[in-house]
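Throughout, residue positions are numbered sequentially from 1 according to the sequence presented. All values below come from the heavy atoms of this structure, side chains included, with hydrogens, waters and symmetry mates left out. What you are looking at is a predicted structure, and each value in this text was computed from that prediction instead of being measured.
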Amino acid sequence: MSYSRDERRALCARLDKTGPDAPTLCEGWTTGDLAAHLVLRERRPDAAGGVTGGPLAGYTARVQRRIKERTPFPDLVRLIRSGPPLLSVMALPGVDELANAVEFFVHHEDIRRGAPGWEPRELGGGESDMLWQRLRLARFVLRKAPVGVELARDDIEADGGTDGPAYRITARNATPAVTVVGSPAELTLWVMGRTAAARIRMDGTDAAVTKLAGVFGSNWRR
């Protein structure tokens, strides 16, 4: 099962439908900007180093802007749909799934949830399990959280039933702690900064929840 392939196809179908000027959850980005970003990730390794910020961020932004300005939107979508070029590291067996399964899921939701009237998709159990496994990497994203953070999956129950979520990941081990509860899809969106659109709840003291929401309460990461 290739979740990166399935999400790539669904995302491209959504881009075909919306065109280049639709809003997204990425602050300041239209669907045209998002498409240019995805093309840059797979086809401009010289500029991809600044995608997450740092000293190359300015260069990355300039390259992305040129890609958007010089490439017609239908061609951007075609490039995304066709996958990474043969000489790209992402074309190596297994790399596309590792690098893009979560990326395409999140950006697909950026488009879906950037429009009014959206509802969460119903994902298959396999994709939900994949997202849950990838959430173990949340400890790197949340390492500077001002409180402890535990992620709790609420879409399945342990054998025999339990009170409360059956599966948990300690993303930051500290006291006091906040438990962020939701499905793997919603937790993934929250961890990736789509906090306003993620349907989660936070359990903890008022002070701890306020501290966590104060830091991770905006669209802080692409």
Side-chain angles (χ1 to χ4, degrees), residues 1-42 51-52 64 68 73 76-77 79-81 83 90 96-138 140-142 149 151-156 169 171 180-202 213 216-222:
M1 192 69 185
S2 175
Y3 301 110
S4 63
R5 180 194 60 203
D6 292 346
E7 288 291 345
R8 183 192 295 272
R9 289 174 176 172
L11 186 152
C12 287
R14 182 72 56 172
L15 288 171
D16 284 337
K17 182 178 179 180
T18 63
D21 300 317
T24 75
L25 294 183
C26 296
E27 186 176 356
W29 279 12
T30 65
T31 42
D33 297 305
L34 182 52
H37 160 75
L38 292 172
V39 169
L40 180 148
R41 282 183 74 252
E42 292 191 321
V51 164
T52 58
Q64 179 174 308
K68 178 186 175 185
F73 183 73
L76 290 176
V77 179
L79 289 171
I80 299 166
R81 182 177 278 117
M90 290 189 185
D96 178 62
E97 187 71 11
L98 289 173
N100 287 327
V102 174
E103 177 84 5
F104 287 138
F105 165 77
V106 171
H107 284 320
H108 186 187
E109 292 301 313
D110 282 336
I111 302 169
R112 292 185 69 255
R113 302 187 186 205
W118 63 267
E119 289 293 333
R121 281 187 289 157
E122 184 173 340
L123 301 183
E127 186 167 8
S128 290
D129 289 344
M130 179 275 294
L131 292 173
W132 179 248
Q133 291 298 320
R134 300 292 181 88
L135 277 167
R136 298 186 184 281
L137 298 176
F140 298 106
V141 179
L142 298 170
V149 182
L151 306 178
R153 179 177 183 174
D154 70 351
D155 62 327
I156 56 176
I169 294 172
V180 185
V181 184
S183 70
E186 302 303 320
L187 291 170
T188 296
L189 291 168
W190 182 81
V191 168
M192 296 297 285
R194 281 61 175 179
T195 52
R199 293 187 175 179
I200 53 91
R201 75 173 191 270
M202 294 186 182
F216 299 101
S218 62
N219 197 5
W220 56 274
R221 184 172 185 265
R222 291 195 180 103

So do [Y] and [X] actually touch side chain to side chain, heavy atoms under 4.5 Å?
{"X": "F216", "Y": "V149", "result": "no"}
{"X": "H37", "Y": "K68", "result": "no"}
{"X": "I169", "Y": "W132", "result": "yes"}
{"X": "P120", "Y": "R113", "result": "yes"}

With respect to E109, which candidate in R194, R121, R199 satisfies the salt bridge (charged side-chain N to carboxylate O under 4.0 Å, His left out) definition? R121
Checking [Y] against [X]: is there a side-chain donor and acceptor pair closer than 3.5 Å?
{"X": "E103", "Y": "H108", "result": "no"}
{"X": "N100", "Y": "E42", "result": "yes"}
{"X": "T30", "Y": "D21", "result": "no"}

Give the C-alpha distance, both sets of side-chain angles, the deciding distance and a yes or no for side chain to side chain contact (heavy atoms under 4.5 Å, CB included) between M130 and F105. CA-CA 11 Å; M130 179 275 294; F105 165 77; 5.8 Å; no
Salt bridge flag under 4.0 Å for residues D6 and R8: no
Check this for me, if you would: do R81 and D16 make a salt bridge, where the nitrogen-to-carboxylate-oxygen distance has to be below 4.0 angstrom? yes
Criterion side chain to side chain contact (heavy atoms under 4.5 Å, CB included) on L131 and Y3, from CA distance to verdict: CA-CA 10 Å; L131 292 173; Y3 301 110; over 6 Å; no
Run the numbers on R153 and D129 for salt bridge (Lys or Arg N to Asp or Glu O under 4.0 Å), then give the verdict. CA-CA 10 Å; R153 179 177 183 174; D129 289 344; 2.9 Å; yes
Gap separating the [atom1] atom of [X] from the [atom2] atom of [Y], nearest 0.5 angstrom:
{"X": "S183", "Y": "I200", "atom1": "OG", "atom2": "CD1", "result": "10.5 Å"}
{"X": "S128", "Y": "E122", "atom1": "OG", "atom2": "CD", "result": "9.0 Å"}
{"X": "K17", "Y": "I111", "atom1": "NZ", "atom2": "CD1", "result": "11.5 Å"}
{"X": "T195", "Y": "W190", "atom1": "OG1", "atom2": "CH2", "result": "8.5 Å"}

Closest heavy-atom pair and its distance - [X], [Y]:
{"X": "D33", "Y": "G28", "value": "OD2-O, 3.8 Å"}
{"X": "V141", "Y": "V191", "value": "CG1-O, 3.7 Å"}
{"X": "A35", "Y": "I80", "value": "O-CD1, 3.7 Å"}
{"X": "D154", "Y": "G182", "value": "OD1-C, 3.0 Å"}
{"X": "A171", "Y": "L142", "value": "CB-CD1, 3.6 Å"}
{"X": "F104", "Y": "S4", "value": "CD1-O, 3.7 Å"}

Kindly confirm or rule out a cation-pi arrangement of R14 over W118, judged by NZ or CZ under 6.0 Å from the six-membered ring centre and within 45° of its axis? no
Could you please spell out the steps behind the side chain to side chain contact (heavy atoms under 4.5 Å, CB included) verdict for L38 and L76? CA-CA 9 Å; L38 292 172; L76 290 176; over 6 Å; no
With distance as the sole test, does T24 use its side chain to make a donor-acceptor pair with the main-chain N or O of G114 at under 3.5 Å? no
Hey, mind stepping through L11 and R112 against side chain to side chain contact (heavy atoms under 4.5 Å, CB included) and telling me if it holds? CA-CA 9 Å; L11 186 152; R112 292 185 69 255; over 6 Å; no
